[in-house]
Amino acid sequence: MHHSQINSDVRKLIANGTVLPAHPLALTAERQLDKIHQRALTRYYIDAGSGGLAVGVHTTQFAIRDVGLYRPVLELAAETAAHWTQRPLALVAGLAGPTSQAITEARTARDIGYHAGLLSLAAMKSASEDEIIAHCTAVAAEIPLVGFYLQPAVGGVILSSRFWQRFASIDNVIAIKIAPFNRYRTLDVLRGVAAAGALDRVALYTGNDDHILLDLMLPFDLRDKGVTTRTYFKGGLLGHWSVWTASAIQQFERCKAARHKDTVPADLLALDARVTDCNSAFFDVANNFHGCIAGCHEVLRRQGLMEGLWCLDPNEGLSPGQKEEIDRVCREHADLSDDAFVAANLNKWLA
């Protein structure tokens, strides 16, 4: 599947930039798929106004592959979305593992109706750059790719600007989620895409939870041989946006409106720090992100969108002190939540 085959409205949506929440996995106390709450989450993201869904990604728990849930979870999200709305939605499937596994997952996602694959390179830690590029090229032959620069703390591989130039030169790459949580490495990706001459084809999506709003509003000037190229992040694909999504979309629209202007409102710049403070609790920064998935679950549980914090790994849960940190940011940044929106629609989503 080539990106030229994507529905034109969806292709435009991805290219222009949108909000793509990373879809969590709702489980019962027995750690079985909770279809009622899983569907409710999909409906929530759609009604909040997201431009699509990322399913089978880190926030969905990579372990779904080990328990036979990869296809069922992707199918449930796609079917729920198709029955819930007629507007265009970009469906992005997480792809992981060595080349043979990633190709199989790409074919599965494509057959279900997903438009692109977010390619994790965590399994390629010991591979050379040439081997990783060959891996990406093979998977891109099956489905349009969204690159993924994942931070090393949760399994990412450190990659050079030259790598990102070569990756962006793959014709079927349509976007890159940039999530190294590092300004220097973020610039490496931007310089690589610019060097490939691919800024018009490859949309830049932030996954940098430590600077979400700044990424979305600020211009980035890239210099090469005395020539300046100015570029912007177009959208975001974030686990952080799996919670308080209606408010996140409002923030995204404010950031978009601030682009290409001579000045940015000070209050909007300051809001970046408040969102980062919330993320520090949800993503368990104090414990090197150990409780990042459970932290998002806790916020959704409080709203009624999940019944519990259960993860596929029984050892995965909130870290010591994380609940208190979530209490703090929910109290201090209550105006950033979408509790009222969820409360007004929860019964409809759970039906």
Side-chain angles (χ1 to χ4, degrees), residues 1-3 5-6 20 22-25 27 31-33 38 52-79 90-159 163-164 166-168 170-180 205 207 237 239 292-293 311-313 315-316:
M1 176 182 173
H2 188 260
H3 64 76
Q5 298 172 265
I6 300 175
L20 295 173
H23 204 307
L25 179 69
L27 296 175
R31 292 187 165 82
Q32 301 297 310
L33 178 61
Q38 191 73 5
L53 303 165
V55 189
V57 296
H58 177 251
T59 306
T60 325
Q61 302 177 49
F62 287 135
I64 58 173
R65 294 155 174 85
D66 302 327
V67 294
L69 283 179
Y70 182 76
R71 176 184 280 275
V73 167
L74 263 63
E75 286 178 336
L76 184 59
E79 291 167 1
L91 298 181
V92 179
L95 310 176
T99 306
S100 58
Q101 177 183 332
I103 286 175
T104 298
E105 292 185 0
R107 290 171 177 167
T108 297
R110 182 191 64 205
D111 292 346
I112 294 170
Y114 281 72
H115 305 104
L118 178 70
L119 184 60
S120 169
L121 299 177
M124 308 296 291
K125 281 185 177 179
S126 60
S128 68
E129 184 174 293
D130 286 345
E131 289 170 331
I132 298 175
I133 289 294
H135 168 78
C136 297
T137 302
V139 182
E142 304 295 336
I143 195 170
L145 287 190
V146 177
F148 188 9
Y149 200 175
L150 177 65
Q151 59 156 324
V154 290
V157 181
I158 296 175
L159 298 160
F163 169 84
W164 291 109
R166 295 176 68 187
F167 179 81
I170 300 171
D171 175 63
N172 214 20
V173 170
I174 60 171
I176 300 174
K177 171 181 173 172
I178 304 171
Y205 274 68
L237 195 168
C292 61
I293 292 176
C311 296
L312 289 169
D313 181 353
N315 296 316
E316 196 168 345

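Keep in mind that this is a model prediction, so the values were computed, not measured.
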Working for side chain to side chain contact (heavy atoms under 4.5 Å, CB included), residues K177 and L150: CA-CA 8 Å; K177 171 181 173 172; L150 177 65; over 6 Å; no
Audit row: L121, L159, side chain to side chain contact (heavy atoms under 4.5 Å, CB included) steps and yes/no: CA-CA 10 Å; L121 299 177; L159 298 160; 3.9 Å; yes
F167 vs L145, side chain to side chain contact (heavy atoms under 4.5 Å, CB included): CA-CA, chis, key distance, verdict: CA-CA 10 Å; F167 179 81; L145 287 190; 4.2 Å; yes
Side chain to side chain contact (heavy atoms under 4.5 Å, CB included) evaluation trace for V146 with Y205: CA-CA 9 Å; V146 177; Y205 274 68; 5.9 Å; no
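Atom CG of L312 sits about 9.0 Å away from atom CD of Q32, to the nearest 0.5 Å. Rounding to the nearest 0.5 angstrom, the gap separating the NE2 atom in H135 from the CG atom in D130 is 14.5 Å. For the atom pair Q38 CD and H23 NE2, the distance stands at 5.0 Å (nearest 0.5 Å). Here CD of E129 is found 5.0 Å from CZ of R166. Values are rounded to the nearest 0.5 Å. Distance check: L33 CG to L76 CG gives 6.0 Å after rounding to the nearest 0.5 Å. Remark: L118 CG to I143 CD1 distance equals 11.0 Å, nearest 0.5 Å.
Closest non-hydrogen pair, I64 versus T60, comes out as CG2-O, 3.5 Å. The minimum heavy-atom distance linking A179 with F148 is given by the pair CB-CE1, 4.2 Å. When all heavy atoms of Y70 and L95 are compared, the pair lying nearest together is OH-CD2, 3.6 Å. Residue D313 comes nearest to Q61 through the heavy atom pair N-OE1, 4.5 Å, listed as atom of the first residue, atom of the second, then distance. Contact between A102 and V139 at its shortest, heavy atoms only, is CB-CG2, 3.7 Å. Annotation for F62 and V57: closest pair CE2-C, 3.9 Å, computed over non-hydrogen atoms.
Remark: side-chain polar atoms of H3 are not paired, donor with acceptor, to backbone N or O of N172 under 3.5 angstrom. Without hydrogens or angle criteria, Y149 side chain to W164 main chain gives no donor-acceptor distance under 3.5 Å. The backbone N or O of H115 lies less than 3.5 Å from no partner atom in the side chain of R110, so there is not a single donor-acceptor pair.
Annotation: side chain of L74 is not in contact with side chain of E105 (no heavy-atom distance under 4.5 Å).
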